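All values derive from a computational prediction rather than experimental measurement. Each chain gets a letter, A, B and so on, in the order its sequence line appears, and its residues count up from 1.
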2 protein chains.
Amino acid sequence: MPRRSVTSYDIAKAAGVSQSAVSRAFSPGAPIAAKTRERILNVAAEMGYQPNAIARSMSSARQDTHQKSGMVGVIVTRLEDPFFAHTIAHFSRHLQASGWHMLLFTVDNEVEVDGALNALMQYKVDSIIILSAILSKHMARVCRDQGTPVMLYNRGAEGLNVNSVQIENHEGGRIAADILREAGHERIAFVAGDPNDETSQGRAAGLAERLAEDGLEVFLHETGDYTFVGGREAGLRLFSRVERPDAVFCASDVMALGVLHAARHDLGLEAPRDFSLIGFDDIPAAAWPGHMLTTIRQPIRRMIREAVDIVIDQMNTPDQPPRVTRFSGALILRNTVRGAGPGST
Amino acid sequence: MPRRSVTSYDIAKAAGVSQSAVSRAFSPGAPIAAKTRERILNVAAEMGYQPNAIARSMSSARQDTHQKSGMVGVIVTRLEDPFFAHTIAHFSRHLQASGWHMLLFTVDNEVEVDGALNALMQYKVDSIIILSAILSKHMARVCRDQGTPVMLYNRGAEGLNVNSVQIENHEGGRIAADILREAGHERIAFVAGDPNDETSQGRAAGLAERLAEDGLEVFLHETGDYTFVGGREAGLRLFSRVERPDAVFCASDVMALGVLHAARHDLGLEAPRDFSLIGFDDIPAAAWPGHMLTTIRQPIRRMIREAVDIVIDQMNTPDQPPRVTRFSGALILRNTVRGAGPGST
DNA sequence: CTGAAAGCGCTAACAC
DNA sequence: GTGTTAGCGCTTTCAG
């Protein structure tokens, strides 16, 4: 049975009007008599008609240059990471609340980004948000040529001429260094996520810079791959040395939790008694009673609202210059840094 | 500047062929000379042309009834929950690997599902996957009428005539009860997620059934809202009673972790010394050294593969009867149940 | 193997 | 206010 879906022509016929009347009935500001609209809407409801969004975007495409597929493409890596899961959840809600739909791509590494971008462009998404991944110069140009606004979330956009919303990584590293120095630590280790990415590097640089001011260097560098397991292994390596670090700063909370669990359960070391520990992000698990991890919080709600606002604004009025916004992280004092807890003097 | 995007006509002109030749060059099986195709593809690459997926789906729409937008709609609740984040991550990867794109909707409660469904239908998605949410009889009919296959993941589909992939909740509850009874527990409490949902109810029922066989009843019922905080509060309530439960079965790991942290850090109670604890799902955090939570594992990789396979199969060959698959959970013995650890005799 | 031509379902001028 | 008429960019017969 060729179950062709019901179109505006079917409704037109049934309601005894022209097809364009049906179209108008479904377009908010369109010139149409209230009574006509009502009748059409009734017939439509009865016959289970819904305007075809694809066809709609096809025809309005020509209008001016903004294509109005009604979709924004989102590219994300490591969705299983709680930090990203939260981020996507917020993006999704904000976008939906403003009437936009999200076409989601997950990529496993940076090289896949271009492919995802291409697919997204084929769908004529009205805008693209890229989470924690780089954008090639080439694709940045392609997007600009198409007039598709791009938002780099959690990554800088130097020389790319696209929007970006990010946390102040360098500053965050300094804040962490500060509190650790205040607590009197001298052998401070750093656990990177991916040592090659900008985020991790910025945090490391901030730490190093602040330590240098006291004539110190980062005591040890480790890599934790942005995962709990990676953090745990880094912690094991760090604390198995004859000369142990007396403090650890991790580029993310998940890794810091890995270090904490490793120290506590594999090695019998306790924070802040035996070492101080500080993370980055402030994921929910950081606040669990058994963790109480001191960390640098990213104001993700505000950051995402800003990112979505920029993107929506640019979809509505194209050809704006790209905007770059940076947010500061806030030190959240909990119990893993010596002498600096919520209940300390 | 009216930056119209480059179309197949532009390529046709530049390559000195007809527009339909360009179309054929981009359609795998189409009749076209290899040399012609190559030339076209080159020109296209040079001019940065990509076929417009929207337009493509518009025209192939008529074909037969399967609309081929190339998108599958996914509706999810509580994306911030690690369990769902993982699930979505896997769905996304599998779908992408098979060339499908994911239009994602997050909903905050069951009543929003119908709205999301409507939006999805407007985009003519080729199929719909609903995670842990119910489907109204009405929308089930609408989808069937349109010929859009629907997959209920983690929810049953009685009388709905749609596909479903789910875990054996009742059986899982029994397994939990079994191991707890073996350990000699008698005052076994249950922490529900949402006491009204089928998932939680199934697990509770399995527990109750097994206990009844020993002449026991569920000692106490609590609700944890499927969150860590909810679990923690439930734990606090449970263990503050004069007569404490000696074991707790939680409808999800996150809640079980809440109970564990509450007991350990708020109350000074330790598992399995003072009580036994068992969760459901086997999220990564359950295996963290400081947790080592005994739990019922959902084989989510297999489950998702199955769900995706069914959905893809039905998109390719429509009008199949709906399929329902149930998976069994596996008991993962770790250290929170008395006398039943990986290292126990 | 290739080009011409007819739509897919809708929106947006343009007349009436 | 309403109907008529072109397209949006592509796929797909249908001739040649």
Expressed as a whole number of angstroms, how long is the span from [X]:[atom1] to [N]:[atom2]?
{"X": "R56(B)", "N": "dG9(C)", "atom1": "CZ", "atom2": "C1'", "value": "19 Å"}
{"X": "D10(B)", "N": "dC8(D)", "atom1": "CG", "atom2": "C1'", "value": "13 Å"}
{"X": "M58(A)", "N": "dC8(D)", "atom1": "CE", "atom2": "C1'", "value": "3 Å"}
{"X": "N52(B)", "N": "dG9(D)", "atom1": "CG", "atom2": "C1'", "value": "6 Å"}
{"X": "K13(A)", "N": "dC10(C)", "atom1": "NZ", "atom2": "P", "value": "14 Å"}
{"X": "F26(B)", "N": "dT11(D)", "atom1": "CZ", "atom2": "P", "value": "9 Å"}
{"X": "M121(A)", "N": "dG9(D)", "atom1": "CE", "atom2": "P", "value": "14 Å"}

- Item | Over all atoms of both residues, closest heavy-atom pair of Q314(A) and P322(A) |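 So the minimum-distance heavy-atom pair works out to NE2-CA, 4.3 Å.
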- Looking only at heavy atoms, what is the nearest atom pair of G156(A) and E198(A), with distance?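 Residues G156(A) and E198(A), closest heavy atoms: N-OE2, 2.5 Å.
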- Message: Please confirm whether the shortest side-chain N or O distance from S8(A) to OP1 or OP2 of dG9(C) is below 4.0 Å.
- Response: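 The answer is no; no side-chain N or O of S8(A) sits under 4.0 Å from OP1 or OP2.
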- Message: Whether Y123(B) contacts dG9(C) is assessed here as follows: a side-chain N or O lying under 4.0 Å from the phosphate OP1 or OP2. Is that the case?
- Response: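 For dG9(C), neither OP1 nor OP2 has a side-chain N or O of Y123(B) closer than 4.0 Å.
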- Keeping the roles fixed (side chain from D126(A), backbone from S69(A)), state whether a donor-acceptor pair exists under 3.5 Å.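 Yes; at least one donor-acceptor contact below 3.5 Å.
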- Any luck finding a side-chain donor-acceptor pair between T199(A) and R155(A) under 3.5 Å?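 There is such a pair (donor and acceptor under 3.5 Å, judged by atom type) between the side chains of T199(A) and R155(A).
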- Item | Q50(B) and Q122(A) side chains, donor-acceptor separation under 3.5 Å |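 Yes, because at least one side-chain N or O of Q122(A) sits under 3.5 Å from a partner of the opposite role on Q50(B).
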- Message: Any heavy-atom pair between the side chains of V142(A) and H138(A) that's under 4.5 Å?
- Response: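 SC-SC contact between H138(A) and V142(A) confirmed.
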- Task: Would you classify S23(B) as touching base, sugar-phosphate or nothing, given that sugar-phosphate means primed atoms plus P, OP1 and OP2, and contacts are heavy atoms under 4.0 Å?
- Result: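 Contact class for S23(B): base.
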- Which part of the nucleic acid, if any, lies within reach of Y9(B) when heavy atoms closer than 4.0 Å are counted: base, sugar-phosphate only, or nothing?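 Base contact.
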- Item | R305(B) CZ: over 12 foreign heavy atoms closer than 6.0 Å |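 Atom CZ in R305(B) is not crowded, with 12 or fewer foreign heavy atoms closer than 6.0 Å.
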- Message: Salt bridge or not between R93(B) and E80(A)? Use side-chain N to carboxylate O under 4.0 Å.
- Response: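 The answer is yes: the pair qualifies as a salt bridge.
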Atom pairs, N/O to N/O, protein against nucleotides 1-3 of chain D, distance under 3.5 Å?
| from | atom 1 | to | atom 2 | distance (Å) |
| --- | --- | --- | --- | --- |
| dT2(D) | OP1 | T36(A) | OG1 | 2.7 |
| dT2(D) | OP2 | A33(A) | N | 2.8 |
| dT2(D) | OP2 | T36(A) | OG1 | 3.2 |
| dG3(D) | OP2 | S18(A) | N | 3.2 |
| dG3(D) | OP2 | S18(A) | OG | 3.1 |
| dG3(D) | N7 | R24(A) | NH2 | 2.5 |
| dG3(D) | O6 | R24(A) | NH1 | 3.4 |

- Axial bend angle, the helix from dC1(C)-dG16(D) to dC16(C)-dG1(D): five-pair end segments, nearest 10°: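 End-to-end axis angle: 40°.
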Enumerate, atom names and distances included, each donor-acceptor pair closer than 3.5 Å involving a side-chain atom of residues 19-34 of chain A, sequence neighbours excluded.
| from | atom 1 | to | atom 2 | distance (Å) |
| --- | --- | --- | --- | --- |
| Q19(A) | NE2 | S8(A) | OG | 3.1 |
| S20(A) | OG | S18(A) | OG | 3.1 |
| S27(A) | OG | S23(A) | O | 2.9 |

